[in-house]
S.K.: 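This structure is in structure tokens; I'll ask about it shortly.
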Amino acid sequence: MSRDYVVGRIEDIPDKGSVAVRAGRQTIAVFRDGESFYAIHDNCPHKGGHMCQGEFEPQNALVRCPIHLWGWSLRTGELETDTRQMIRTYPVKVVDGQVVLSA
Ligand code: FES
């Protein structure tokens with residue numbers, strides 16, 4: 001069962017950037033593109049690269065893992081070259097200027 005976590009205010013997350021946040025026992029990478037937010041598990045399913053340190057491509061809603069540069073969709077969690085491989089994504093919403101994710 002998931003629960004909501006307030007992970008900061010909008011301005012705490014740099015535009016076109018990302019931060020790693022804690023949600024319970026999990027570390028989640030939160031990305032911001034203007035008013036759009038995305039959240040994925042911080043550890044790459046391949047070899048554990050920290051996705052919050054990856055190369056964010058806002059125009060494609062995609063992040064490239066910092067270790068081997070595999071591209072993961074921030075919308076669906078799919079690997080761009082093999083959609084059978086997934087990284088976990090989490091719903092994000094903004095409530096009264098606060099960024100809230102469900103994990
Ligand atoms: S560890 Fe992420 S692509 Fe290899």
Side-chain angles (χ1 to χ4, degrees):
M1 189 170 135
S2 65
R3 57 163 285 196
D4 287 350
Y5 294 88
V6 175
V7 296
R9 298 196 59 79
I10 290 175
E11 58 270 22
D12 295 333
I13 302 171
D15 195 12
K16 315 283 189 227
S18 62
V19 295
V21 300
R22 293 289 295 176
R25 295 182 186 170
Q26 306 171 86
T27 304
I28 295 173
V30 179
F31 295 81
R32 176 183 174 194
D33 178 19
E35 298 301 311
S36 297
F37 292 85
Y38 308 97
I40 63 172
H41 198 266
D42 190 46
N43 290 111
C44 180
H46 181 221
K47 299 278 183 181
H50 289 288
M51 304 307 292
C52 68
Q53 298 170 0
E55 185 180 319
F56 181 27
E57 298 179 10
Q59 69 279 14
N60 300 321
L62 182 136
V63 59
R64 291 200 180 280
C65 176
I67 306 292
H68 304 105
L69 306 180
W70 291 10
W72 300 91
S73 168
L74 293 168
R75 289 199 180 97
T76 66
E78 293 174 343
L79 181 63
E80 66 176 344
T81 54
D82 181 354
T83 55
R84 294 169 301 176
Q85 298 194 54
M86 306 279 291
I87 191 167
R88 185 165 177 196
T89 62
Y90 303 87
V92 190
K93 60 190 174 189
V94 176
V95 180
D96 295 332
Q98 293 188 312
V99 180
V100 180
L101 65 82
S102 297

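This one's a predicted model, so the numbers in the text were calculated from it and none came from an experiment. In each ligand, atom 1 is the first atom listed, and ligand 1 is the first ligand listed.
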S.K.: Any idea how W70 and H46 line up, ring-wise: parallel (<30°), tilted (30 to 60°), or perpendicular (>60°)?
M.R.: parallel
S.K.: Would you check if there is a donor-acceptor pair between the side chains of R22 and T27 at a distance under 3.5 Å?
M.R.: yes
S.K.: Could you tell me whether F31 and F56 have their ring centroids closer than 6.0 angstrom?
M.R.: yes
S.K.: Residue by residue, ordered by chain and number, which ones reach under 4.0 Å of ligand 1 with a heavy atom?
M.R.: C44, H46, K47, G48, G49, C65, I67, H68, W70
S.K.: Taking 4.0 angstrom as the limit, do E80 and R64 come out as a salt bridge?
M.R.: yes
S.K.: Which distance, rounded to the nearest 0.5 Å, do you find between the CG of D4 and the OG of S102?
M.R.: 4.0 Å
S.K.: Would you say D42's side chain and I28's backbone share a donor-acceptor pair under 3.5 angstrom?
M.R.: no
